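On a predicted model such as this, the values are computed, not experimentally measured, just so you know. The basis for the numbers below is simple: all heavy atoms, side chains too, and nothing from hydrogens, waters or symmetry mates.
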Amino acid sequence: MDICELLRSLPLLKNYGKDVDLWIYDFEEVMDLWDIQNPKRRFVFMKECVDYALKEVLKSIEENGENKTYPSIQIIKEEIEKYLGITQNDKIWELKEMKIKTNESIPIFNINYIRKYKNIDEEMRKLITVEDYINSIKPRIYPCLRVLEQECENIEKAIKIAEKASRIEEKLKFKIDFNNYKQNYKNDYINEYNNNINKKNNKIMCFRCYELGHKAFNCKYSFKELSIMEEKGIIEKNKRIKEKVIFTSNENKNFDYSNKNFERINTNSIFVNSNKNNNFNENNNYNIIPNAVGLKKKDFGMENNTKKK
């Protein structure tokens, strides 16, 4: 027997929290696997699974025993629960809050459920109802419906019906997981929301890289990357795409906007400084030239309009 390997396989109580019953169950399994039936040796290995304070509690139990007999598993469990402050109310609430896991089968869940149910005193078991069991397996819709349909009076009968329904699920491959259904619905909603945002962002354009989907202050390119893009002509191409996107909604769609030398004035009314044309009014107002369309700056004598200091 390899003692080091045996010590590594021992379950530590600190990993089980307040579930002392499960810890004892796993400890006895390890002892059976290593074929250790001697009470003295079992008690020695049990002390290796607890911390220093609980070791002292187990030693006090051993000294109080008559005729140097070692305490039973039930006495050890009661003393440990007393030391940890575990009451019957704690066990009841732990059982009420117990829920089946996503990939856990109902027969395996029922084994743990029955173990915790039997760990409660018989008088206190009346507080555990069939509704509590249904809430524990609520993510599994079909077994819950079968238990509700039969109107079970006690938990033992409800457990048998749930196991029978789970076997029917496996044969028909009709397994419904409420948690997965909720998650899939949530994912579909998020995807639809993101698609709507992307459609809205397609109308937004960045004035740094001239790409759709974001604004200039959220631009993902650095100044170094923008300079490289400008050298390769990528930004110029994006500008042309921008012009097509913007001017497709204009009234004059057949107009050629690619000519950069063209200067167009398309306004209903233009205010022109008439000092140079000697058309200044007495009220110091500007003359209004209505419906000036297709005119250039040179038509108004504004070619060399420079500020003089």
Close side-chain approach of [X] to [Y], heavy-atom, < 4.5 Å:
X	Y	answer
Leu6	Asp2	no
Ile76	Phe43	yes
Phe109	Met98	yes
Glu211	Met229	yes
Cys49	Leu13	no
Arg125	Ile155	no
Glu230	Glu236	no
Ser105	Ser166	no

Partner set under salt bridge (charged side-chain N to carboxylate O under 4.0 Å, His left out) for Arg208, not counting sequence neighbours:
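Checked Arg208 against salt bridge (charged side-chain N to carboxylate O under 4.0 Å, His left out); zero matches.
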
Residues that Arg167 engages under salt bridge (charged side-chain N to carboxylate O under 4.0 Å, His left out), provided they are two or more places apart
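With neighbours one apart ignored, the set is empty.
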
Roughly how far, to the nearest 0.5 Å, is the [atom2] atom of [Y] from the [atom1] atom of [X]?
X	Y	atom1	atom2	result
Tyr113	Leu95	OH	CG	4.0 Å
Ser136	Ile134	OG	CD1	9.5 Å
Arg41	Trp34	CZ	CH2	11.0 Å
Leu226	Ile234	CG	CD1	10.5 Å
Tyr221	Cys206	OH	SG	9.5 Å
Ile80	Leu54	CD1	CG	6.0 Å

Side chain to side chain contact (heavy atoms under 4.5 Å, CB included) against [X], all qualifying residues, sequence neighbours excluded:
X	answer
Ser227	none
Glu151	none
Ile114	Lys118, Ile159
Lys157	Cys152, Asn154, Ile161

So, Asn110 and Tyr133: side-chain donor and acceptor under 3.5 Å apart, yes or no?
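Result is yes, a qualifying pair exists.
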
Quick one: list whatever passes side chain to side chain donor-acceptor pair (under 3.5 Å) with Gln74, sequence neighbours left out.
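Partners of Gln74 under the side chain to side chain donor-acceptor pair (under 3.5 Å) test: Glu78.
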
Sequence neighbours left out, what passes side chain to side chain donor-acceptor pair (under 3.5 Å) with Gln88? Give chain and number order.
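Partners of Gln88 by the side chain to side chain donor-acceptor pair (under 3.5 Å) criterion, ordered by chain and then number, come out as Asp121.
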
Residue pairs, two or more places apart or on separate chains, that pass side-chain hydrogen bond (donor to acceptor under 3.5 Å, both in side chains) and touch residues 46-56:
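Of all non-adjacent pairs touching residues 46-56, those that pass side-chain hydrogen bond (donor to acceptor under 3.5 Å, both in side chains) are Tyr52-Glu56.
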
Check step by step if side chain to side chain contact (heavy atoms under 4.5 Å, CB included) holds for Glu79 and Leu58.
CA-CA 8 Å; Glu79 290 295 328; Leu58 295 177; 5.9 Å; no

Is [Y] reachable from [X] through a run of hydrophobic residues whose side-chain heavy atoms are each under 4.5 Å from the next?
X	Y	value
Ile86	Ile75	yes
Val130	Trp93	no
Val44	Met46	no
Phe223	Ile228	no
Phe207	Phe217	no

Would you check if the side chain of Arg146 reaches a backbone N or O of Ala162 as a donor-acceptor pair within less than 3.5 Å?
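No; judged by distance alone, with no hydrogens or angles, the pair does not exist.
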
All pairs passing salt bridge (charged side-chain N to carboxylate O under 4.0 Å, His left out) where residues 83-99 contributes a residue, at least two apart:
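Non-adjacent pairs meeting salt bridge (charged side-chain N to carboxylate O under 4.0 Å, His left out): Glu81-Lys91, Glu94-Lys116, Lys96-Asp132.
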
Which pairs count as salt bridge (charged side-chain N to carboxylate O under 4.0 Å, His left out) when at least one residue sits in residues 218-229, sequence neighbours excluded?
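Checked against salt bridge (charged side-chain N to carboxylate O under 4.0 Å, His left out) - neighbours excluded - no pair reaches residues 218-229.
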
Shortest non-hydrogen contact between Leu84 and Gly17, atoms and distance
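Looking at all heavy atoms of both residues, the shortest contact is CD1-O, 4.5 Å.
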
Compare every heavy atom of Pro143 with every heavy atom of Ile137, then report the nearest pair and how far apart it is.
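Between these two residues, the closest heavy atoms are CD1-CB, 4.4 Å.
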
For residues 19-31, run the donor-acceptor check on the side chains, cut-off 3.5 Å, and write out each pair with its distance to 0.1 Å, sequence neighbours left out.
unit_1	atom_1	unit_2	atom_2	d
Asp19	OD1	Leu22	N	3.3
Asp21	OD2	Arg115	NH1	3.1
Trp23	NE1	Pro11	O	2.9
Tyr25	OH	Glu29	OE2	3.4
Asp26	OD2	Tyr16	OH	2.6

Is the CD atom of Glu156 crowded by more than 12 outside heavy atoms at less than 6.0 Å?
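More than 12 heavy atoms, drawn from other residues, nucleotides or ligands, come within 6.0 Å of this atom.
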
